[in-house]
Amino acid sequence: MSMATYDLLIKGGTIIDGTGAPRFQADIGIKAGRIADIGDITESADEIVDAAGLIVAPGTVDHHTHYDAQIFRDSTCADGGQNGVTSVVMANCGFGFAPCRTEHQDRYMVMMENVEQIPVAHQRASLPWDWQSFPEFLQSLRRTKKAVNAMTYVPLNALMIYVMGIDDAKSRPANSTELAEIKCLLNEAMDAGAIGFSCSYLGTNNVHLDFDGSPMPCDVMDVDQLCEIASVLTERGNGIIQCLSGLAGQDETVEVSARLARETGRPVFHNVIATHDNFPIHKSGLAWLDSAREEGLDMWAASFCHRTWTEISLNTLTLFDSDETFRELTYAGSSDKSLALLRDDNYRARLREAYDPQKFIIVGGDLDKFVVISVGESEDHKTLEGQILGKAAKESGLETIDLFAEILLSSKGAAIFRSPNATATDPAILHEMFTHEYVIPGGSDGGAHLKIFCGGHWGTDFLVNLVRDNQIVSLEEAHHKMSGLPMSVFGIKDRGTIQEGMAADLLVYDLGRLYSDTSSYKHAFDLPDGDWRKQAKAGGYDLILVNGQVTFRSGQHTGTSPGVVVSQ
């Protein structure tokens with residue numbers, strides 16, 4: 001019996017190749033996980049897929065995730081895997097689990113619970129903790145069955161704590177011996193397969209705070225030392241820096257991203273440029289990015305591109321922590337103490353004075369536009385469910401902040417509010433943002449903030465909303481921005497586009513059948529001990545392939561785990 005020429009043959013699809021080139025129709029022959037041939041193929045295959053009338057495109061690269069714990073128990077990185085994501089990038093913003101000394105494991109998990117709202121119990125049920133060094137972590141990740149490919153930064157907070165200890169890393173610069181060790185360990189991690197390092201630099205007033213409200217090490221570290229650590233990448237001639245330094249065009253801290261690019265000559269992936277219908281912040285953000293590129297800096301910027309929102313309650317107000325007055329609620333010590341603050345007239349007055357919608361663009365911006373989802377068992381405000389908070393406040397003759405507080409009080413903290421979408425809806429703003437040459441869409445935060453939002457479906461929503469329904473971005477440009485461009489920026493030469501010899505990370509779908517329902521989130525009870533998380537109502541792909549194997553067929557995981565750790 002003769003052997004088939006290909007493992008899988010995709011026949012007659014419309015190919016969007018991820019380079020930005022015009023679409024074309026052809027067959028794709030896949031062998032040993034790679035694209036072997038593209039054209040009119042007549043040879044045999046173990047499986048033949050009829051893709052007539054369907055789009056065949058490269059798998060989506062999710063460049064901003066926190067699946068660092070989840071990937072060890074959930075091979076699909078839900079909800080990314082079923083929404084077209086074939087490669088995830090982990091350990092963003094300086095947060096992660098390696099390197100880590102054994103005695104620091106619990107402390108790392110507490111930090112991650114506070115900054116990314118991943119419960120310690122879930123982390124403990126997921127992480128094998130069979131490593132201390134970063135190379136040992138990568139070995140563990142390689143052993144783990146994965147339905148997606150994984151790339152990872154070295155998280156700078158973890159690296160500093162490993163060398164300096166937690167208290168010292170948060171309170172002083174490294175001495176010369178410690179700085180040399182940090183650089184040596186970064187080199188070691190990149191030799192083992194890390195794609196670079198990640199950090200945040202947001203100062204003391206930000207939403208990434210420790211359990212006691214204090215800033216994380218790299219948010220307040222000496223910038224000269226940050227650049228000295230980054231010089232490792234210059235000396236190596238490879239690697240990328242991910243830097244969360246605030247909203248481009250608004251926060252002065254974004255200049256840290258520019259300085260890193262200037263002093264290292266390496267690509268810097270800046271987070272974030274944002275859009276908003278009421279505040280033209282994208283204009284100043286893009287102007288900042290353009291000026292960096294005109295200077296010759298290898299600067300790229302991420303931007304949220306999907307319709308996503310947060311659903312907050314008294315226990316999930318940490319996203320307002322960038323303001324110190326709101327932060328008092330978060331760190332009051334208990335729900336009862338937080339409610340007591342809201343009853344205090346002096347505190348309420350300070351809260352009114354502190355509230356500025358532009359401070360909170362990252363979570364929707366304006367409490368006036370939050371919707372009251374539930375008031376729990378409160379009868380006092382039951383009629384407000386489904387209403388917009390600002391409108392209800394005006395009709396009640398109250399300041400919005402005061403009605404927000406009164407609802408929390410009457411519901412004993414159980415009330416839930418839905419924010420506006422985290423992105424603009426104005427087509428002109430979205431077109432300007434997502435056709436910009438150096439803006440890369442995405443930012444799912446996948447694996448994090450499980451009780452308040454879901455972002456793993458971002459690629460699907462991008463295709464549904466900005467490509468199909470509103471024709472703001474072409475399908476060719478969308479897949480270039482979702483796959484070919486990020487892989488190029490990350491220095492990955494054999495993934496992200498449909499070309500002979502490239503890894504066969506592919507999507508097969510009918511654009512008309514993709515769906516993304518933004519009416520509400522579902523609850524998925526797939527966390528450890530049957531706990532729930534928010535889940536987007538999105539999907540519709542016929543096939544998703546990772547390294548030539550079908551991982552999802554009509555939305556159902558096939559049980560295969562062909563993902564690998566990807567490095568430069």
Side-chain angles (χ1 to χ4, degrees), residues 63-64 89-96 98-99 133-135 138 151-164 169 173-202 217-246 248 253-271 288-302 438 440 485-493 566-568:
H63 58 74
H64 192 113
V89 183
M90 306 188 306
N92 279 269
C93 305
F95 300 114
S133 72
F134 201 88
L138 284 178
M151 294 179 277
T152 182
Y153 297 109
V154 182
L156 187 53
N157 285 312
L159 186 54
M160 293 173 68
I161 291 168
Y162 185 83
V163 173
M164 302 173 64
N175 61 40
S176 59
T177 301
E178 291 165 338
L179 189 58
E181 185 178 0
I182 289 170
K183 293 172 66 176
C184 179
L185 291 175
L186 177 56
N187 247 318
E188 176 186 74
M190 293 191 64
D191 285 343
I195 61 170
F197 77 90
S198 71
C199 63
S200 56
Y201 195 89
L202 296 172
C218 62
D219 279 310
V220 291
M221 72 181 297
D222 182 272
V223 180
D224 289 338
Q225 288 202 342
L226 175 59
C227 292
E228 176 67 19
I229 293 166
S231 70
V232 169
L233 276 61
T234 307
E235 294 163 3
R236 295 177 61 90
N238 73 314
I240 183 170
I241 302 165
Q242 185 263 335
C243 185
L244 172 67
S245 60
T253 45
V254 301
E255 288 308 313
V256 172
S257 292
R259 182 174 170 186
L260 284 168
R262 186 177 300 116
E263 295 199 15
T264 65
R266 298 305 306 162
V268 171
F269 201 171
H270 171 76
N271 284 224
W288 174 82
L289 179 60
D290 287 339
S291 67
R293 298 297 308 197
E294 288 166 4
E295 187 185 335
L297 305 185
D298 197 351
M299 181 74 72
W300 304 83
Y438 301 110
I440 299 180
L485 182 58
M487 282 299 190
S488 174
V489 173
F490 289 132
I492 310 300
K493 301 186 184 336
V566 174
S567 57
Q568 295 175 327

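Computation of the quantities below employed the complete heavy-atom set of this structure, encompassing side-chain atoms and omitting hydrogens, waters and symmetry-equivalent molecules.
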> Please list, chain by chain and in numerical order, all residues satisfying side chain to side chain donor-acceptor pair (under 3.5 Å) with Ser200, sequence neighbours excluded.
Asp219
> Working to the nearest 0.5 angstrom, can you tell me the gap between Thr253 OG1 and Leu202 CG?
6.0 Å
> Phe95: what forms a ring pair (Phe, Tyr, Trp, His ring centres under 6.0 Å) with it, not counting sequence neighbours?
His208
> With side chains defined as the heavy atoms from C-beta onward, is the minimum distance between His64 and Cys93 less than 4.5 Å?
yes
> With sequence neighbours excluded, tell me which residues meet salt bridge (Lys or Arg N to Asp or Glu O under 4.0 Å) with Asp191.
Arg236
> First locate atom CD of Gln242, then atom CG of Leu260, and finally report the distance between them rounded to the nearest 0.5 Å.
11.0 Å
> With sequence neighbours left out, write down each residue that passes salt bridge (Lys or Arg N to Asp or Glu O under 4.0 Å) with Glu181, or none if nothing qualifies.
none
> Not counting sequence neighbours, which residues clear side-chain contact (heavy atoms from CB on, under 4.5 Å) with Ala302? List them please.
His63, Phe269, Asn271
> Quick one: are Gln225 and Ile182 in side-chain contact, heavy atoms under 4.5 Å?
no
> I need the minimum non-hydrogen distance between Met164 and Ala169, along with the two atoms involved.
CE-CA, 3.9 Å
> Taking only residues two or more places apart in sequence or in another chain, which ones pass salt bridge (Lys or Arg N to Asp or Glu O under 4.0 Å) with Asp290?
none
> Do the side chains of Phe134 and Thr152 get nearer than 4.5 Å, heavy atoms only?
yes
> Could you walk me through whether Leu485 and Trp300 pass the side chain to side chain contact (heavy atoms under 4.5 Å, CB included) test, one step at a time?
CA-CA 11 Å; Leu485 182 58; Trp300 304 83; 3.7 Å; yes
> Enter the distance from Asn238:CG to Glu235:CD here, rounded to the nearest 0.5 Å.
11.5 Å
> Identify the heavy atoms of Ala189 and Val154 that sit nearest to each other, and give their distance.
CB-CG2, 3.4 Å
> How many angstroms lie between atom SG of Cys243 and atom CG of Leu226, to the nearest 0.5 angstrom?
6.5 Å
> Quick one: CG on Leu159 to OH on Tyr153, what's the gap to the nearest 0.5 Å?
15.5 Å
> Name all residues meeting the side chain to side chain donor-acceptor pair (under 3.5 Å) criterion together with Ser257; count only those two or more places apart in sequence or in a different chain, and write none if there are none.
Ser245, His270
> For Ser291, enumerate each residue passing the side-chain contact (heavy atoms from CB on, under 4.5 Å) test, keeping only those at least two apart in sequence or located in another chain.
none
> Should Ile161 and Pro217 count as side-chain neighbours, where that means a heavy-atom distance under 4.5 Å?
yes
> Quick one: pull up CG in Asn92 and OG in Ser198 and give me the separation to the nearest 0.5 Å.
6.0 Å
> Which is it for Ile195 and Met90 under the side chain to side chain contact (heavy atoms under 4.5 Å, CB included) test, yes or no, and what are the steps along the way?
CA-CA 10 Å; Ile195 61 170; Met90 306 188 306; over 6 Å; no
> What heavy-atom pair brings Leu233 and Gly239 nearest, and what distance separates the two atoms?
CD2-C, 3.5 Å
> If you look at every heavy atom in Ala91 and Pro155, which pair is closest and at what distance?
CB-CD, 4.1 Å
> Which atoms form the tightest heavy-atom contact between Leu179 and Ala174, and what is the distance?
N-CB, 4.0 Å
> For Val489 and Pro267, work out which heavy atoms get closest and say how close.
O-CG, 4.2 Å
> Distance-only, no hydrogens or angles: does the Glu178 side chain make a donor-acceptor pair with backbone N or O of Asn175 under 3.5 Å?
yes
> Run the side-chain contact (heavy atoms from CB on, under 4.5 Å) test against Thr264 and tell me which residues pass, sequence neighbours left out.
Ala230, Thr234, Ile241, Arg266
> Residues two or more places apart in sequence or in another chain: which of them pass side-chain contact (heavy atoms from CB on, under 4.5 Å) with Ala258?
Glu255, Arg262, Trp288, Leu297, Met299
> Looking at side-chain heavy atoms only, is the closest gap between Asp298 and Val268 below 4.5 Å?
no
> Partners of Glu228 by side chain to side chain donor-acceptor pair (under 3.5 Å), sequence neighbours excluded?
Lys183
> Is Val89 close to Phe490 at the side-chain level, that is, under 4.5 Å between some pair of heavy atoms?
yes
